[in-house]
Every structure is written in structure tokens, then in C-alpha cells.
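Structure record follows, encoded as C-alpha cells.
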Amino acid sequence: MLEVYPMTSITNELETRFQQAFERAFGEAFSAIDPMIRAAQDARFGDYQSNVAMGLAKKIGDKPRSVAERIVANLSIDDICETPEIAGPGFINLRLKSTWLAEKISSIAIDEKLGLEPAREPMKIVVDYSGPNIAKQMHVGHLRSTIIGDTIARTLAFVGHQVIRQNHVGDWGTQFGMLIAYLFETFGTEAVNTGNLHISDIEAFYKQANEKFRSDEDFARRARQQVVELQAGDQNALRAWEVFRNESLKHCQEIYDRLGVMLNISDVRGESFYNEFLPGVVDELLNNHKVAVEDQGAVCIFLEGFKAKDDSPLPIIIRKSDGGYLYATTDLAALRYRVRELGAQRIIYVTDARQVLHFQQIFATAQKIGWDMNPATQQRASLEHVTFGSVLGEDGKPLKTRSGENVKLKDLLEEAVLRARSVVEQKNPELPEDQKRDIAGKVGIGAVKYADLSQNRTSDYTFSYDKMLAMEGNTAPYLMYAYARVKSIQRKGQINEKETSAGEKITIAHPAEAALAKKLLQFSEIIEEVVKNLRPNMITSYLFDLSQTFSGFYENCPVLKAEDDATRASRLLLCDLTAKTLKQGLALLGISTVEQM
RNA sequence: GCGUCCGUAGCUCAAUUGGAUAGAGUGAUGGGCUUCGAACCCAUAGGUUGGGGGUUCAACUCCCUCCGGACGCGCCA
């Protein structure tokens with residue numbers, strides 16, 4: 001009788017067996033060594049391989065191949081694999097038995113988490129993402145943080161962590177001083193009490209104010225002064241600020257809803273929230289921890305290892321000479337709040353790569369004075385900066401409109417949906433109107449998100465409607481189409497047959513079935529990796545792989561016209577699991593699926 | 001000047017964080033629909049991983065150096 005652990009991934013299972021073998025072969029001291037189990041990248045090497053023998057050889061003082069042989073001799077995995085083979089310098093190649101594969105895949109087919117082992121110790125994880133400057137409309141510059149952060153948050157939640165979303169909006173800085181100063185100077189300080197401002201007003205307003213800010217030094221000084229007054233609690237300034245802020249937040253929420261991002265108003269904890277803590281932060285850093293010093297009228301922190309242009313020490317300025325606070329101050333206050341009040345054990349900052357230096361300084365400061373330490377548990381929170389590159393236009397420069405402005409997210413999404421609509425119209429003109437609209441919405445938005453997420457975060461990427469909406473290649477429409485095809489089989493299959501009975505087992509006979517089963521079993525491994533390295537493109541490339549593997553199965557293995565009932569039932573189950581996995585995988589990316597398209 | 005990231009097929013990108021003969025898509029060429037959705041699939045061609053050196057049993061990956069690019073570097077965020 002096979003012993004199957006339904007919630008354990010293949011690699012975990014193999015790792016355990018290898019470690020048992022290490023202990024038997026080399027002694028107890030070796031039982032915790034990482035067996036370096038990897039999915040084989042070439043089918044000739046089997047399904048999985050262990051690369052441990054080469055490294056271990058040095059420690060033990062034996063030849064790699066001989067080490068591999070000793071491991072294999074002590075390995076008991078004949079329930080899972082065929083006899084392991086040793087190849088090359090000492091690779092141990094493993095080929096899964098199809099009986100075991102069938103057993104394992106059958107257990108996953110009815111598992112809600114698709115074989116994923118929920119986190120043994122759920123953590124409190126803060127994910128800080130999106131964080132737009134809300135004085136103006138959201139634009140492309142906010143796109144990547146918003147959708148990458150959302151994917152990370154969804155993925156961590158899926159494995160069972162407690163995710164606390166934090167939208168650190170810019171609602172308190174110079175740009176607001178600028179707006180308020182401009183408002184007062186054009187309409188007088190009373191306008192906020194009577195005026196009826198809309199976002200379109202604010203948009204035009206922002207442009208004018210910004211223009212004046214740049215061209216008029218006196219005005220710029222007054223705008224900065226306005227920030228100080230706002231931060232000091234001036235009533236008129238506060239009222240104006242509230243009007244601007246509420247309008248802007250409403251607009252942001254529209255974008256989040258359109259984008260299908262799980263942020264809402266309760267996740268907003270902007271710069272203004274931390275205002276009341278800032279004097280205390282400066283005071284503590286200055287007087288308690290004594291890491292900050294006054295320098296040229298400003299309060300600065302000088303840390304070792306941070307150098308400015310001329311090799312002089314590079315400060316973090318936490319209070320300007322005019323008494324105003326800066327984003328470093330706010331970020332330190334936020335970090336402390338997240339650790340102490342929210343109980344974060346891991347804090348993930350999703351911002352663009354240009355801010356690496358800033359976060360290095362913030363993290364270093366926090367770690368130096370112990371603000372990353374939870375007072376109750378005495379555990380340090382893991383501070384992680386998830387960076388990403390810029391969105392470029394087809395000219396290779398940061399994406400702008402023809403007139404040189406930032407592309408508004410609203411316009412960008414509308415354009416994507418419009419283009420998706422015309423494709424739907426072309427491919428499936430007979431669908432009812434409301435369904436077409438639904439499909440176009442999901443395909444258009446999904447395409448934008450997928451194009452971004454499928455890129456390796458760290459590099460810049462070129463934005464192209466044509467490429468993201470292409471039906472062929474590694475795109476959202478392709479995956480959604482793959483999903484729709486599977487659903488189509490299920491629809492047809494259930495016309496003749498009420499239900500796939502729950503007791504059915506999957507059997508693996510055809511190579512294409514085996515390939516599909518193995519791919520499906522890897523879902524949990526991929527997710528586990530992403531939890532660690534926070535790289536959404538591992539999910540996209542997995543899903544694309546899965547779709548292609550399914551296509552191979554689809555071409556070679558008739559489902560509804562299978563040779564016998566048992567095969568048909570087994571294949572229907574494989575289809576069902578494929579559909580679930582695609583749907584769940586896309587859901588982690590915040591992309592909706594449609595049954596027909 | 002210093003620092004960070006990057007340079008991979010004509011183009012757009014991967015490469016399980018040091019593993020085997022560097023893979024996909026697109027474009028090109030040639031095939032496959034009277035059978036579950038052809039928005040699909042299969043095959044072929046395409047590479048000195050920017051150059052050079054080093055570490056290692058093993059380097060796209062780590063170190064050094066040069067070339068080319070993006071982005072940072074005291075009171076913006």
C-alpha cells in the first residue's frame with residue numbers, strides 16, 4: 001500500500017527521503033543537509049534530480065560519484081521513483097513512478113489548496129504597496145507597485161499568512177502645500193468653505209500650481225511654508241487639505257476597483273497618519289538613541305557605509321532646517337508602527353528601484369536602534385525592499401503621452417479594454433452584448449497586469465498594447481483561452497453525463513497524461529518559491545508552461561471520446577484540475593477568468 | 001567621482017539563485033482542422049550569454065577589469 005502525504009510537495013517528500021539516507025550513509029550530523037532537489041530541466045535526466053553529491057564530496061573526502069552511490073544505496077524511495085541513476089559528475093536522477101503519480105494527483109484533485117501545504121507558522125506580514133501621491137491622478141508610475149504588490153499580498157494570504165495591506169499614500173508633503181497655497185492665493189482662504197471642487201478641477205489646478213511652483217521662487221517658498229503650517233495643524237489649511245484628499249482617494253478607489261486590486265479605504269495609512277508621531281520620532285532618535293545630530297540647522301542621521309558625492313558622510317535628514325519633516329521621518333515612524341502596533345514579522349516594501357538607497361538607510365537605522373524588534377517576542381522583523389524597473393514606451397524611454405505627460409492609469413486601462421473589445425468582436429461576434437463587455441473588461445485589464453507580472457521585476461519593461469493583447473505567446477489572453485477551452489470540454493461532457501463521480505481515480509497511461517500530472521503537481525512548489533523570493537514572473541511562466549502542457553495532452557488524448565469510461569473519467573479529472581489550477585494561479589495575479597471568450 | 005541595477009537568438013524576455021548540451025514567445029520557413037474551441041498544435045533555422053581575465057568538479061549566475069545603458073548620491077517623495 002502506498003503511503004501518500006497529500007499536502008506535501010514532491011520536493012519536500014524527496015528531501016525527507018534524502019535526508020534519511022544521509023543519516024544512514026554518513027551519520028546523524030548530515031541529516032539536515034539540503035539535498036538540493038530540483039525539477040530536472042531536461043526530460044532525459046528524469047523528473048527530479050539531486051545535486052548534493054558534488055558539494056558533499058569535499059566535506060566527506062570522497063569522490064562525488066562515490067558519494068552519490070553511497071546515497072543511492074541508502075535511499076528508500078522505491079515507492080515513489082524508479083531506481084535512481086547517477087550521471088555526469090554525480091547527479092542523482094529520479095524518475096517518478098506513474099502509479100505513485102496517479103495516486104498523488106488524485107489526492108490533489110480534491111484538495112482546495114491544490115496540494116499546497118499551508119504555512120506551518122502563519123506570519124503577520126505587512127505589504128506596503130501602491131502608495132500613490134494623491135494630489136494628482138494615478139498614472140503609469142503607480143502601476144507596477146500596485147499590481148506587483150497585490151500579487152504578493154494575494155499569494156502570501158493564499159498560503160495562510162496574515163497579510164496586512166498598507167497603502168502609504170502621499171497625502172502630506174510639499175505637493176499639498178503647493179495645492180493649498182495656490183488655492184488660497186487664487187480664491188482666498190474662504191474658498192474651501194464654499195467651493196465645490198471636483199477631481200477635474202484638481203487636475204487642472206495641480207498643473208497650474210506646479211507650473212507656478214517651478215517658475216516662481218517666492219511661491220515655492222510660500223508653498224513649503226504652507227506644508228509646515230499644515231503639519232502644525234492650521235485649521236484653514238487642514239480643511240483645504242481634507243477636500244483635496246477625499247476627492248483624490250475616491251478617484252484612487254475607482255482605479256483599484258477597475259484594476260481588480262484588493263485595496264480599499266481601510267488600507268490607507270498615508271503620510272498624514274504618522275504626522276503626530278514625527279516630533280517624537282525625531283526626539284527619540286536625537287535624545288534617546290543618540291543616532292541623530294543637528295547639522296546646519298537640520299536633524300540628520302549619519303550611518304557608516306553611506307557616502308555622498310565627495311566622499312563625505314551621507315545623512316538621512318529627518319527634520320529640515322525650517323522644521324518640516326521628510327519621508328525618511330515618516331518611513332521610520334511607519335516602520336516602528338508596523339512592528340509594534342501591527343505586530344509585523346515581515347515587512348515588504350514594493351517601490352521602484354530608485355529608492356534602494358533610501359530604504360537601505362531606513363532599514364539600517366531601524367536595525368541599529370532596534371525598531372525592527374517586536375517588544376513582546378524579541379524577534380526581529382524581516383525588512384524587505386521589493387524593487388522593480390520602469391515602464392518604458394516603445395521608444396525605450398519612460399512611458400509618456402505625446403504631449404510629454406504621464407499616462408493616466410484611467411486612460412491606459414480604458415485603451416486596453418477598448419482594444420480587447422475589438423478582438424472579442426472579431427473572434428466571437430455572436431456573443432450577447434453584456435457578455436462581450438464582461439470579456440473585454442477582463443481580458444483588457446488582465447492583459448495589462450499579466451504583461452507586467454510576467455516580466456522579471458528588476459528590469460525595465462516596454463509597454464505594448466499589441467504584445468500584451470496578442471492571443472499567441474505568453475499573454476493573459478492565451479491563458480484565459482486555455483482555461484475557456486477546458487471549461488468547454490467540461491460543459492460538453494456533462495451534457496451526456498451528469499457528474500464526474502467523486503470516487504473516480506486518475507490513471508496515468510499516456511506520456512502526455514504523465515507530463516500534465518507532473519506539471520500540475522508542481523503548482524505548490526512554485527508558490528512556495530514565490531513566497532520566498534517574491535517574484536510573480538515565476539507564477540506566470542509556470543501557468544504558461546501548464547497551458548502548453550495541457551495543449552499537448554489535448555492534442556494527444558481525447559477526453560470525451562476516450563476509448564473507455566474509466567479513461568474518460570480520469571481525463572475529465574485531469575481537465576478539472578487543470579482548470580482549477582489555471583483559475584487559482586491567475587487569481588493570485590489578480591486576473592479573472594471567463595468561461596467563454 | 002562614488003554607488004545600485006542591467007547587457008542573453010533579428011525583436012521581447014526566461015534560465016528553479018553555482019548544476020548537465022543556455023530555453024520560451026515573436027518574427028522567418030515548412031506542415032496539421034469532415035474528431036472535445038485552429039484565439040490552437042508540430043517541425044526547422046537562429047547563440048563566443050557586451051569584451052578580457054580569475055575562482056570552482058561545474059559560471060549567464062560569484063570576484064577583478066574594460067566597453068555600453070538606466071537610475072541614485074543634504075534639507076522633494
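These figures come from a predicted structure and were not determined experimentally. Sequence lines set the chain letters: A, B, ... in the order given, protein chains first and strands last, and positions in each chain run from 1.
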Between [N] and [M], how far is it from one [atom1] atom to the other, in whole Å?
{"N": "B/rG52", "M": "B/rC42", "atom1": "P", "result": "36 Å"}
{"N": "B/rG46", "M": "B/rU29", "atom1": "C1'", "result": "12 Å"}
{"N": "B/rG69", "M": "B/rG50", "atom1": "C1'", "result": "11 Å"}
{"N": "B/rC67", "M": "B/rG53", "atom1": "C1'", "result": "15 Å"}
{"N": "B/rC60", "M": "B/rA22", "atom1": "C1'", "result": "8 Å"}

Report the distance from atom [atom1] of [X] to atom [atom2] of [N], rounded to the nearest whole Å.
{"X": "A/I362", "N": "B/rA77", "atom1": "CD1", "atom2": "C1'", "value": "12 Å"}
{"X": "A/F176", "N": "B/rC76", "atom1": "CZ", "atom2": "C1'", "value": "15 Å"}
{"X": "A/K397", "N": "B/rA70", "atom1": "NZ", "atom2": "P", "value": "10 Å"}
{"X": "A/N456", "N": "B/rG23", "atom1": "CG", "atom2": "P", "value": "19 Å"}
{"X": "A/Y461", "N": "B/rC11", "atom1": "OH", "atom2": "P", "value": "21 Å"}
{"X": "A/F544", "N": "B/rU16", "atom1": "CZ", "atom2": "P", "value": "18 Å"}
{"X": "A/R224", "N": "B/rC76", "atom1": "CZ", "atom2": "C1'", "value": "8 Å"}

Q: Assign A/A353 to base, sugar-phosphate, or nothing according to its heavy-atom contacts below 4.0 angstrom with the strands shown.
A: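 No contact.
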Q. So what does A/A40 hit on the nucleic acid, given a heavy-atom distance under 4.0 Å: a base, only sugar-phosphate, or nothing?
A.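 A/A40: no heavy atom of the nucleic acid under 4.0 Å.
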From the list [options], which nucleotide is the closest neighbour of the side chain of [X]?
{"X": "A/K58", "options": "B/rU35, B/rU56, B/rC6", "value": "B/rU56"}
{"X": "A/K320", "options": "B/rG19, B/rU16, B/rC76", "value": "B/rC76"}
{"X": "A/M597", "options": "B/rG74, B/rU16, B/rA39", "value": "B/rA39"}
{"X": "A/Q355", "options": "B/rA77, B/rC40, B/rC75", "value": "B/rA77"}
{"X": "A/L326", "options": "B/rC40, B/rC36, B/rC75", "value": "B/rC75"}
{"X": "A/K467", "options": "B/rA39, B/rU12, B/rG37", "value": "B/rU12"}
{"X": "A/N537", "options": "B/rG19, B/rA14, B/rC75", "value": "B/rA14"}
{"X": "A/C300", "options": "B/rU16, B/rG74, B/rC40", "value": "B/rG74"}
{"X": "A/T174", "options": "B/rA77, B/rC75, B/rA14", "value": "B/rA77"}
{"X": "A/T462", "options": "B/rU16, B/rC13, B/rU17", "value": "B/rC13"}

Distance-only donor-acceptor check, side chains [X] and [Y], under 3.5 Å:
{"X": "A/N456", "Y": "A/S459", "result": "no"}
{"X": "A/S464", "Y": "A/D466", "result": "no"}
{"X": "A/N474", "Y": "A/Y450", "result": "yes"}
{"X": "A/R354", "Y": "A/S390", "result": "no"}

Q.
Using heavy-atom distances to pick each residue's nearest nucleotide on RNA chain B, tell me which of A/E529 and A/K561 is more 5'.
A.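 It is A/E529, whose closest nucleotide lies nearer the 5' terminus.
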Q. For RNA chain B, whose closest nucleotide is more 5', that of A/Y478 or that of A/Q360?
A.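 With A/Y478 and A/Q360 compared, the 5'-side residue is A/Q360.
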Side chain [X] and base [N] donor-acceptor under 3.5 Å:
{"X": "A/Y327", "N": "B/rA77", "answer": "yes"}
{"X": "A/Q548", "N": "B/rC41", "answer": "no"}
{"X": "A/R38", "N": "B/rU17", "answer": "no"}

Q. With a 4.5 Å heavy-atom cut-off, do A/V350 and A/F388 have their side chains touching?
A.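 With C-beta onward as the side chain, the pair touches.
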Q. In terms of the angle between their ring planes, are A/Y554 and A/F550 parallel, tilted or perpendicular, with boundaries placed at 30° and 60°?
A.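 A/Y554 and A/F550: tilted rings.
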Q.
Going by the glycosidic torsion and a 90 degree boundary from 0, is the base of B/rC71 oriented syn or anti?
A.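 Base orientation: anti.
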Q: Please work out whether B/rU49 sits syn or anti, treating a glycosidic angle within 90° of 0 as syn.
A: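 Anti, which is what one calls it when the glycosidic angle falls more than 90° from 0.
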Q. Are any of the side-chain nitrogens in A/D218 or A/R221 under 4.0 Å away from the carboxylate oxygens of its partner?
A.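 A salt bridge is present here (some side-chain N lies under 4.0 Å from a carboxylate O).
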